[in-house]
Amino acid sequence: MVILFRSKSIINIFYLLLLSLGTHFHLFFMPPQVIVHNNDGIFSTLLQKMVMGQSPTILFLIYHAIVLLQAIRINMVLNDFKMFQQNNFTTAMAFVLLTGLLPQWSSISAALVANFLLIWIFIKLCRLFNHPSPKTLLFNTGLLVGFSMLCYHPTAILILVVLFALAVVRPFRLAEWLILLMGILVPYYFLFAWLFLTDQTASIKGFLPYLQLNLPVSTLNSPLIISLSLLAIYLLTGLYYWQVSNKRMIIQIRKNWGVMMVILLIVLPIPFIFQQAGLEAAIMSLVPIAAFAGNVYSYPRKMLLPNILFLITISLVIFNNGWLLKN
């Protein structure tokens, strides 16, 4: 099965669809949940008003459409930036497959939708290296980060991502850092101006992220521990193969992978530091994890390790589907 995704062929999109349907086959019998929280951004409000309450068929289609679009998008981005030795669909395969490891990742949530913005920010950061108009691009990147914060408050942590990524990609220039920060503040400037003109300044707190240290789960069970352990194995083996191949990459591609590493390290703590985030927010870390996991499926010449990992993951996904159906 893995060998099918190691080539760049349009038929792989069909295989991704089959993989997504198989990874979440429990959704044929129960609709995906729509997880929303109060005061965590525009996305939750839109999901509550426009998605929650839809028919099971519509929810089924929405979830699979979001997962497939994000998987294909991140895969296309990595291929376009030449971050692998050859174009393939292994990152998309890993993204779809890993969404089946946690029950919370089989739901429609604001965090899942926010992945579109995270991928978009990554694209802009990778273009900074030799862009002819870096100040314009930096302002637009900051603007996107500020807009993301309004849409889903835990994305406030992406401020650290763009700041560290700017330090990785470009030499220090104070003007560029100030332009980036200005772009981040602009959406809140217009929001505060609108609230001031409509005499609603007291409600500004509802548009700000709220930091609170917490545990995303109250108890650990065996399926959760096994799933998290498998994610750790994917990440560690992916980092190993990335490190091996990194020596043969040109400097621009190295910096792009450096940006992906920054994203990984900064988004991992989201479920632990934002109020109401929960394990569903951890799906934002799936973007960098899938990117590094793509190395595991694309670089080894012998297919033994990729096939073993694939079979273990499929077995765990089948178990999780059965567990969800029973509960």
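In this text, all values refer to a predicted model and were calculated from it rather than measured experimentally.
- Side-chain N or O atoms of Trp105 include one that pairs as donor or acceptor with a backbone N or O of Leu279 at under 3.5 Å.
- At least one side-chain heavy atom of Leu230 sits under 4.5 Å from a side-chain heavy atom of Leu101.
- Remark: side-chain polar atoms of Thr201 are not paired, donor with acceptor, to backbone N or O of Phe196 under 3.5 angstrom.
- Listed for the Arg6 side chain is no donor-acceptor partner under 3.5 Å among the backbone atoms of Phe89.
- Heavy atoms only, all atoms of each residue included: Ser148 and Ile121 are closest at OG-CD1, 4.0 Å.
- Remark: side-chain polar atoms of Asp40 are not paired, donor with acceptor, to backbone N or O of His153 under 3.5 angstrom.
- Counted within 6.0 Å of CG on Asp199, heavy atoms from surrounding residues, nucleotides or ligands total 12 or fewer; the atom is thus considered open.
- Between Phe28 and Phe60, a ring centre-to-centre spacing shorter than 6.0 Å is recorded.
- Counting heavy atoms from C-beta on, the side chains of Thr155 and Leu118 never come closer than 4.5 Å.
- When side chains are defined from C-beta on, Leu197 does not count as touching Phe192, because their heavy atoms never get closer than 4.5 Å.
- Of the possible polar contacts, none joining the Asn87 side chain to the Ser7 backbone as a donor-acceptor pair under 3.5 Å is found.
- Thr23 places no side-chain N or O within 3.5 Å of a backbone atom of Gly100 that could act as its donor or acceptor partner.
- The OG1 atom of Thr91 lies 7.5 Å from the CG atom of Asn79; values are rounded to the nearest 0.5 Å.
- Counting heavy atoms from C-beta on, the side chains of Pro300 and Pro306 come closer than 4.5 Å.
- For Tyr63 and His24, the ring centers sit closer than 6.0 Å to each other.
- Of all non-hydrogen atoms in Phe84 and Gly294, the two that sit nearest each other are CE2-C, 3.8 Å.
- Within a 6.0 Å sphere centred on CZ of Phe14, heavy atoms belonging to other residues, nucleotides or ligands number 12 at most.
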- Phe5 vs Tyr15, side chain to side chain contact (heavy atoms under 4.5 Å, CB included): CA-CA, chis, key distance, verdict: CA-CA 8 Å; Phe5 293 95; Tyr15 294 148; 3.6 Å; yes
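- Residues Ile289 and Phe95 have side chains not in contact (no heavy-atom distance under 4.5 Å, counting atoms from C-beta outward).
- Note on Leu69: it clusters hydrophobically with Ile123, by side-chain heavy-atom contacts below 4.5 Å among ILVMFWY residues.
- Following chains of ILVMFWY side-chain contacts shorter than 4.5 Å, one can reach Ile318 starting from Leu21, so the two form part of one hydrophobic cluster.
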- Message: Set out, in order, the CA-CA distance, both residues' side-chain angles and the distance that settles side chain to side chain contact (heavy atoms under 4.5 Å, CB included) for Ser44 and Asn38, then state yes or no.
- Response: CA-CA 7 Å; Ser44 284; Asn38 294 326; over 6 Å; no
- For Ile108 and Leu47, run side chain to side chain contact (heavy atoms under 4.5 Å, CB included): C-alpha distance rounded to whole Å, both residues' side-chain angles, the deciding distance at 0.1 Å, then the answer. CA-CA 8 Å; Ile108 302 172; Leu47 289 176; 4.0 Å; yes
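- Salt bridge annotation for Glu176-Arg170: present, with a cationic side-chain nitrogen under 4.0 angstrom from a carboxylate oxygen.
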- Task: In sequence, state the C-alpha distance, the side-chain angles, and the governing distance for Leu324 and Phe29, and then conclude on side chain to side chain contact (heavy atoms under 4.5 Å, CB included).
- Result: CA-CA 10 Å; Leu324 287 170; Phe29 307 96; over 6 Å; no
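- Taken together through direct or relayed side-chain contacts under 4.5 Å among Ile, Leu, Val, Met, Phe, Trp and Tyr, Leu112 and Val317 form part of one hydrophobic cluster.
- Surrounding CZ of Phe147 are at most 12 heavy atoms belonging to other residues, nucleotides or ligands under 6.0 Å away.
- Taking 4.5 Å as the limit, some side-chain heavy atom of Met149 sits within range of a side-chain heavy atom of Tyr188.
- Put simply, the residue from Leu143, Thr141, Val162, Leu144 that forms a side chain to side chain contact (heavy atoms under 4.5 Å, CB included) with Ile184 is Val162.
- At a cut-off of 3.5 Å, with distance as the only test, no side-chain donor of His37 or Gln48 sits close to an acceptor on the other residue.
- The CH2 atom of Trp194 sits 10.0 Å away from atom CD1 of Ile204, with the distance rounded to the nearest 0.5 Å.
- A donor-acceptor contact closer than 3.5 angstrom is absent between the side chains of Tyr240 and Tyr299.
- The CG atom of Leu235 sits 7.0 Å away from atom CG of Leu268, with the distance rounded to the nearest 0.5 Å.
- Atoms CZ and CG, on Phe139 and Leu181 in that order, are 11.5 Å from each other to the nearest 0.5 Å.
- Of all heavy-atom pairs between Thr99 and Ser106, the closest is O-OG, 4.0 Å.
- Within 6.0 Å of CZ on Phe164 lie no more than 12 heavy atoms contributed by other residues, nucleotides or ligands.
- Annotation: Ile251, atom CD1; neighbour count of heavy atoms from other residues, nucleotides and ligands within 6.0 Å does not exceed 12.
- Neither Ile157 nor Leu185 shares a network with the other; the hydrophobic side chains, linked directly or stepwise wherever heavy atoms of I, L, V, M, F, W or Y lie under 4.5 Å apart, form separate groups for each.
- Rounding to the nearest 0.5 Å gives a distance of 11.5 Å between CE of Met284 and CD1 of Ile266.
- At distances below 3.5 Å, not a single donor-acceptor pair connects side-chain atoms of Asn295 with backbone N or O atoms of Tyr241.
- With hydrogens and angles disregarded, no donor-acceptor distance shorter than 3.5 Å links the side chain of His64 to the backbone of Leu17.
- Here the closest non-hydrogen pair linking Val34 and Met52 is O-CE, 3.5 Å.
- Remark: the backbone N or O of Pro103 is not paired with any side-chain donor or acceptor of Asn320 at under 3.5 angstrom.
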- Task: Mind running ring-ring contact (aromatic ring centres under 6.0 Å, His included) on Phe292 and Trp257 for me, showing each step along the way?
- Result: CA-CA 9 Å; Phe292 285 106; Trp257 276 112; 5.1 Å; yes
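- Between Ala92 and Asn75, the shortest heavy-atom distance links the atoms N-OD1, 3.0 Å.
- Other residues, nucleotides and ligands place more than 12 heavy atoms under 6.0 Å from the CH2 atom of Trp177.
- Interatomic distance, Leu191 CG to Gln200 CD, rounded to the nearest 0.5 Å: 9.5 Å.
- Contact of the Trp323 side chain with the His26 side chain is not registered, since no non-hydrogen atoms from C-beta on lie closer than 4.5 Å.
- Asn246 places no side-chain N or O within 3.5 Å of a backbone atom of Trp242 that could act as its donor or acceptor partner.
- Put simply, Val244 and Met260 are part of the same group of oily side chains (I, L, V, M, F, W, Y) that touch within less than 4.5 Å, one to the next.
- In this structure, Pro209 and Ala156 approach most closely via the heavy-atom pair CG-CB, 3.7 Å.
- For the pair Phe122/Val161, no side-chain contact is recorded, criterion being any heavy-atom separation below 4.5 Å from C-beta on.
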